[in-house]
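Everything on this sheet refers to the single structure shown next.
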Number of protein chains: 2
Amino acid sequence: MKKKQVSLKDIAKEVGVSIATVSYVLSKGKDSRVSEAMSKKIREVAKRLNYQPNIIAQSLKSGTTNTIGLILADISNPFFANLARVIEDEAAKFNYTVIFGSSDEKADRSKQLVDFLSSRQVDGFIIAPCEGSEEQVRTLLQQNIPVVLIDRFFPKIPTDYVIIDNYESSYRVVEQLVRSGHQRIGMLAYTNRLFHMQERIRGYKTVLRDNGLTVEQERLGEISFADGKKETEEAIDIMLAADQPIDSIFFATNTLAIYGLKHLGKLNLKVPDDIAVVSFDEGEAFDFYYCPLTHVRQPLEEMGKAAVQSLSNRIKNPSTPQQAICLSAEVVVRKSSSVTIAK
Amino acid sequence: MKKKQVSLKDIAKEVGVSIATVSYVLSKGKDSRVSEAMSKKIREVAKRLNYQPNIIAQSLKSGTTNTIGLILADISNPFFANLARVIEDEAAKFNYTVIFGSSDEKADRSKQLVDFLSSRQVDGFIIAPCEGSEEQVRTLLQQNIPVVLIDRFFPKIPTDYVIIDNYESSYRVVEQLVRSGHQRIGMLAYTNRLFHMQERIRGYKTVLRDNGLTVEQERLGEISFADGKKETEEAIDIMLAADQPIDSIFFATNTLAIYGLKHLGKLNLKVPDDIAVVSFDEGEAFDFYYCPLTHVRQPLEEMGKAAVQSLSNRIKNPSTPQQAICLSAEVVVRKSSSVTIAK
DNA sequence: TTTTTTTGTTTAAACGATTAAGCATATATT
DNA sequence: AATATATGCTTAATCGTTTAAACAAAAAAA
């Protein structure tokens, strides 16, 4: 009736030796000084009883769990879902299990997750930090718990991190709109102070200035995370209703692009003829969109792998100097940023 | 330098009492017989030192981890990703953490995951079992480890499970094609012996027979999981090249639908005018498809919740009689199954 | 005052594994 | 034969927590 796993004790009793002997055979193999005959017997019984070591007990003894805590903004977002999968697979190669949770961009939720995972003794964290989570990261560092930030980072906190060059990528993708002759380029971004978002905005503004276009505050829509859909629609409506309506738009994330493209569809505006579009990120959803999108493709695979490797390094060697990895992203040019055919 | 968590011992030393006293105060609160003054002091020190209980140690002692092992076919599939999210959220309400992995429809991978999660002492499993995993499930049952199957189940194994009525759903969604006058209806299914897939096929065949249409073996494409994309394309090509080409098609899963719709696009066939379509499942991808799809909408929320509740019941009361939950799914009728306008 | 009960705290065992140290035997070295 | 070394196994401590049982001191009941 009782669910009782087979333990070293059970094997020891069955064979008639001490627990230690069994442990030596099963965990040390050849290196132990247990006789070959006894080893064989123990291994046989272990197999017969279907012994599985109790990892909880091993963890308690060793102080290590071979577990990584992964905190993402939102696991239902394909960008993070894919990143999670890459990290999971890569971590498996290092013999780590991943336990993760979504912060939903809320600092207090993120705090809960950090505490939860800490108490489960994860060996380290990979975190896509949300706004306001600086203190949590600092606390982990103070406790000497390894942390690697991913996708976003805090310039003032000396953590390991893996990011892409958001300024550069943003500059280059918006440049596509400029090149194809667009003059009134709008941008939709999330209204937060996270560095990566500010960098994307900086890239947008800089490329306009570099090309003699004016940066109009009304063309930069800042959307709250909580009510993204509605605010995106309103922002687009305003930009289109202006005296000088926008002729193209840059979406700073995939979720903004999805909200935005659906709205443009409702307004019966055709991409790229009525309005050109460029975006960050990709997703299966875009595969069915009638007009292939010019977008920034982030090197998810590389990012995930780098993060796991970086974390693994730090776990093994806590005194490694800070590792800051900045990858460059590819700009995929498609039809959605084309020149307007008839004007 | 050493990463050392604060333990009961540290608090005990600081306050000058035994470990047991600290434990009583922190875990029993009012129920303990520790004096109010001492309790207060201990709580203060615990707070000051930022004490977090070591869950690993608690688990070892209690033999329970408050953790659920979740094994899905493929976490990158939106159907499973959404199901996972529902389960995660529901489990959190019961104070359970979810650790999961994807079997990728491979029995040996699934076996690995079961062993892995077992050794981590999960309190129970929620599994969407793949073909050939019967023995794994039986073994868990024999060990009295709680298991709830989801999405799929084995009629011959008396487990708890949560599924939808696949036969009924399939019948009703294909019926839409029949009603709109389609006569040569193809189906794409995965080639496996799992009950849910067989039921979907049975629904398709039955509705044809019930309406005086012949069931042609050439119109039932059975696709292997490993090479789904290519085989889907070939199957569609064959069905279209036949003497009596199909006029409509039923995709048994969302992945098959995605492969299929992309291929129809390449062939320049318009839905529903050139070919009508119905499908199982949904996904953000379909939102951008030019023609809204008639499909079976599975009650993910209900399914996930039922699974967690069922598992929670069994964990608390292992001798509960078998709980078999079969939910009915909704058929969402859209344009893709409309009658062909011009023939 | 003596006995009983209550109150407040400690001791010790347990969960399952690891591992240094100990202790017999057996074998090798002088 | 005496000593050293190797072999094979056991003892016991440890990780951090929980909890029954023991114990001492204080309060209540006799």
Side-chain angles (χ1 to χ4, degrees), chain A residues 2-43 45-46 49-67 118-123 143, chain B residues 2-43 45-46 49-67 118-123 143:
Chain A
K2 299 169 221 161
K3 163 184 80 179
K4 172 108 163 26
Q5 282 266 78
V6 175
S7 70
L8 291 184
K9 205 186 199 172
D10 301 315
I11 300 177
K13 204 183 293 169
E14 178 89 6
V15 178
V17 291
S18 74
I19 294 176
T21 307
V22 180
S23 174
Y24 279 121
V25 171
L26 264 26
S27 64
K28 290 283 147 62
K30 285 284 175 196
D31 300 359
S32 79
R33 295 191 322 203
V34 182
S35 68
E36 195 42 56
M38 181 61 77
S39 297
K40 202 175 156 218
K41 203 163 163 192
I42 288 173
R43 266 191 282 267
V45 174
L49 300 184
N50 188 30
Y51 170 73
Q52 301 283 126
N54 183 324
I55 307 243
I56 299 290
Q58 286 180 332
S59 292
L60 180 59
K61 187 74 206 348
S62 68
T64 181
T65 54
N66 274 294
T67 298
S118 288
S119 69
R120 278 198 154 59
Q121 314 297 117
V122 296
D123 292 341
Q143 296 176 282
Chain B
K2 296 172 222 160
K3 161 183 82 179
K4 175 115 164 15
Q5 282 266 78
V6 176
S7 69
L8 292 182
K9 205 185 201 174
D10 301 315
I11 300 176
K13 203 182 293 170
E14 179 88 7
V15 179
V17 292
S18 74
I19 293 174
T21 307
V22 180
S23 174
Y24 280 120
V25 171
L26 264 25
S27 62
K28 290 281 148 63
K30 286 282 174 197
D31 300 358
S32 79
R33 298 190 320 206
V34 181
S35 69
E36 195 42 56
M38 180 60 79
S39 297
K40 202 174 155 217
K41 203 163 161 191
I42 288 173
R43 268 192 281 268
V45 173
L49 299 185
N50 188 31
Y51 169 73
Q52 301 284 126
N54 182 324
I55 306 241
I56 299 290
Q58 287 180 331
S59 293
L60 179 60
K61 188 74 203 355
S62 68
T64 182
T65 53
N66 275 294
T67 298
S118 288
S119 68
R120 278 199 157 58
Q121 314 298 117
V122 297
D123 291 342
Q143 296 176 282

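None of these values were measured; they are calculated from a predicted model. Values below: all heavy atoms of this structure, side chains included; hydrogens, waters and symmetry mates excluded.
Between the CG atom of Leu60(A) and the P atom of dG16(C) there is a distance of 12 Å, rounded to whole Å. Remark: C1' of dA12(D) and NZ of Lys9(A) are 15 Å apart, rounded to the nearest angstrom. Put simply, OH on Tyr24(A) is 11 Å from C1' on dA12(D), counting in whole angstrom units.
Nearest-nucleotide assignment on DNA chain C puts the 5′-proximal partner with Gly16(B), out of Gly16(B) and Ser62(B). Along DNA chain C, the nucleotide closest to Ala57(A) and the one closest to Lys28(A) are compared, and the more 5′ of them pairs with Ala57(A). Positionally, the nearest nucleotide of DNA chain D for Ser27(B) lies more toward the 5' end than for the other of Arg33(B) and Ser27(B).
Of the candidate nucleotides dC15(D), dT19(C), dG16(C), dG16(C) has the atom nearest to the side chain of Asn54(A). Residue Leu8(B) places its side chain closer to dT17(D) than to any other of dT10(D), dT17(D), dT18(C). In this structure, of dC15(C), dT10(D), dA17(C), it is dC15(C) that holds the atom nearest to the side chain of Lys61(B). Between dG16(D), dT9(C), dC9(D), one nucleotide has an atom nearer to the side chain of Thr21(A) than all others, and that is dC9(D). Comparing dT9(C), dC9(D), dT19(C) against the side chain of Ser35(B) picks out dT9(C) as the nearest.
Smallest separation of non-hydrogen atoms from Pro53(A) and Gln58(A): CB-NE2, 3.7 Å. Here the shortest heavy-atom pairing between Asp123(B) and Thr65(B) reads OD1-N, 2.9 Å. The two atoms that bring Thr21(B) and Met38(B) nearest to each other are CG2-CG, 4.4 Å, heavy atoms only.
Proximity of Asn50(B) to Val6(B): side-chain heavy atoms (C-beta onward) are nowhere separated by under 4.5 Å.
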